[in-house]
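A short worksheet on the structure shown next.
No hydrogens, no waters, no symmetry mates; every other heavy atom, side chains included, goes into these values. Chain letters run A, B, ... following the sequence lines, proteins first and then strands; every chain starts at 1. What you are looking at is a predicted structure, and each value in this text was computed from that prediction instead of being measured.
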2 protein chains.
Amino acid sequence: MNRVRLSDVAKKAGVHTATASRALNPAARHEVNADTVRRVEQAARRLGYVPNTLARGLRTSRSFVVALVVPDITNALFPPIVRGAERVLARAGYTLVLTDTNNDPDTERSQISAMRARGVDGFIVATARWVDPVVSDLAETGIPTVLVNRRDAAGTLPYVGGDDRRGMQLCVEHLADLGHIAIMHLAGPNNTSTGRERTAAFRTAIRGQGLPSAGSVVECSAFTEEAGAAAAHALLEKAVPCTALVAANDLLAIGALEALAERGLRCPDDISVTGYNDISFVSRLTPPLTTVGVPLRLMGELAAGALLDWIANPNSHTAVQTLLPVEFMLRGTTAAADQVKTPARRVRDNRERAVG
Amino acid sequence: MNRVRLSDVAKKAGVHTATASRALNPAARHEVNADTVRRVEQAARRLGYVPNTLARGLRTSRSFVVALVVPDITNALFPPIVRGAERVLARAGYTLVLTDTNNDPDTERSQISAMRARGVDGFIVATARWVDPVVSDLAETGIPTVLVNRRDAAGTLPYVGGDDRRGMQLCVEHLADLGHIAIMHLAGPNNTSTGRERTAAFRTAIRGQGLPSAGSVVECSAFTEEAGAAAAHALLEKAVPCTALVAANDLLAIGALEALAERGLRCPDDISVTGYNDISFVSRLTPPLTTVGVPLRLMGELAAGALLDWIANPNSHTAVQTLLPVEFMLRGTTAAADQVKTPARRVRDNRERAVG
DNA sequence: GTGAAAGCGCTAACAC
DNA sequence: GTGTTAGCGCTTTCAC
């Protein structure tokens, strides 16, 4: 730990510890003689004084630590968010502690309570489920908390996310423009806001295009490749006629792509696929995934900013919901519908091939 | 923060704070009447007591916080390491603070000093350069620190990494078995242990196969796709005859693949490429990248374990260098040399095509 | 403008 | 086995 304490600095500068404290504290510096300030600063520099954040925190009950809760840092969606948040926090003199909950509510709960014991000044939560007791508890305690990427049903906490409705609309419009009629949605889990909202947006967009929406949504059990593959397999197994698949996120899309490949269907020649989020490597797939770009890093930055705001002004805070603009990324997994001669038949044929 | 303090618990249990402290501390529980322990525990539970880690840390000068320093969390190499470390630390009651240095030594220095001010109990450093003043300073202060993924020249700190020599040997052997003679190494930067060691291992392996090693190494300026692409372009530009490229990591390999594609060369038909690390998505490229699998997550776990060991036994620690076994991942980017009829010519021809 | 004194919540000697 | 006392390093009234 630090050898040199504030009292050492004070002694060297020939002042009382209290004065040294004031001199070094930007907020109190003005109530100290300018010359004294200089002396203290010099002493501090010479001694290599580094304030003990723990002691300060104990006294002020501010730790200058913020916890970021992610379900799985290994999921490429989160690193950019973490990075953005870290940057903003570090600049403001805050430290970020990361907790990976492994997608497990129990872990999440215990981790969050450990963080609270640590006296963190606030939380950025990227794990919110639609109905989420852990988040509700956090909201109730009044500890500054902002939701990122996913929000919860209560809507009482500030939230920073992408404009899901717009993103889905762009996907559906694009496919409709390409002449697709039978468009299916590989939906995200219903217990996440992203799952729900993208599904709702999908439905709205489909109707907006005057397309039939009945039975066009399949819910996946999780935002994973496996779930995407399973859903796509089920779809193909039932020979649901469709020429385009709108996945609720990139992982789901990748899983679907795999399932298609396994069944000998080609993308986009036989079926078009879109993803969502534009996570780091999907542009390198063959063909590159058509998806919706979400400003992940900016999301992290803004979430951190909102949290710092709340921490700085504990009273005047409001549950602002920030929706960031998204960008449609036209790449290789979508193609004109008329390339597929008889969509329904093709799928059916293929199924017979795969099964037989 | 926490409303309920230890003194509240003590009062409710009808004992002194010190007794309550002992009762709640596993290490001191035995010196307290079993019945008292029960009473205190019950009171604590009923009151929802959560110990204040800051206060404890101030008193014991242990914070139960460990800092993990990464150059860029957005690089797919690091999330698995972070995840492994986090898991082990959380289980042991430690909290992980993450610092992303953005690959910048100055940021690194200031972040580390901020962490020290926080009284972190130790560091896991994934940013070490071969000659690294920041790491040397850390080593000098004696604060528990373990290096992961990369080590430094001094070798005075415990280190957990993959067996680079073995990994490179596997790559070279594989290519030699495939009949490749002219094998080039896209080397990592010389100021990282991974760059240096893989290069040395490459040379050794090449010689071991009785192949010509002169001029077969090109150093890349960084472990990035851009650097890999630039190096590959330079190579092709000079029409260096070669049928196989051994990249020092996956990002370099991807960059090289891009460069090849731009010049109309196909992999593996025209040239074989290997990567290193098997980061998350390289198995999904087309063709999937032949690479060396490194147990990244285990690396994180073991690094965290070594650090906890050191923290627990500050005196009996040694600078153990742990080399984890690696696994050769044979995938699609390598093929038999005789598929390429006249390697040197093909490259040269191609260059003319590209240039002319 | 500066010093004195108290205390954040906890643990570790030291008594008894 | 349990209570007393002191103090981790800092900030913050309150005097002066």
Residues in side-chain hydrogen bond (donor to acceptor under 3.5 Å, both in side chains) contact with A/R151, at least two apart in sequence or another chain | A/E197
Partners of A/D137 by side chain to side chain contact (heavy atoms under 4.5 Å, CB included), sequence neighbours excluded?
-> A/R109
Side chain to side chain contact (heavy atoms under 4.5 Å, CB included) against A/N103, all qualifying residues, sequence neighbours excluded = A/P71
Interface polar pairs with nucleotides 10-13 of chain D, N/O, under 3.5 angstrom:
{"from": "D/dC10", "atom 1": "OP1", "to": "A/Y49", "atom 2": "OH", "distance (Å)": "2.7"}
{"from": "D/dC10", "atom 1": "OP1", "to": "A/N52", "atom 2": "N", "distance (Å)": "3.3"}
{"from": "D/dC10", "atom 1": "OP2", "to": "A/L6", "atom 2": "N", "distance (Å)": "2.4"}
{"from": "D/dT11", "atom 1": "OP1", "to": "A/R56", "atom 2": "NE", "distance (Å)": "3.0"}
{"from": "D/dT11", "atom 1": "OP2", "to": "A/S21", "atom 2": "OG", "distance (Å)": "2.9"}
{"from": "D/dT11", "atom 1": "O2", "to": "A/R59", "atom 2": "NH1", "distance (Å)": "2.6"}

Residue pairs passing the ring-ring contact (aromatic ring centres under 6.0 Å, His included) test with at least one member in residues 50-88 of chain A, sequence neighbours excluded, are A/F64-A/Y94
Whole angstrom is fine here: how far is it from CG in A/L58 over to C1' in C/dT11?
-> 13 Å
So what is the end-to-end bend of the helix from C/dG1-D/dC16 to C/dC16-D/dG1, with 5 pairs used at each end and the value given to 10 degrees?
-> 40°
How many Å lie between CG on A/L24 and P on C/dT2, as a whole number?
-> 14 Å
A/R56 side, atom CZ; B/L54 side, atom CG - distance, nearest 0.5 Å = 12.0 Å
How about A/N52 and B/R118: does a side-chain donor come under 3.5 Å of a side-chain acceptor?
-> no
Spatial distance of atom OG (B/S63) from atom CD1 (B/I311) [nearest 0.5 Å] | 8.0 Å
Do B/V148 and B/V125 have side-chain heavy atoms sitting under 4.5 Å apart?
-> no
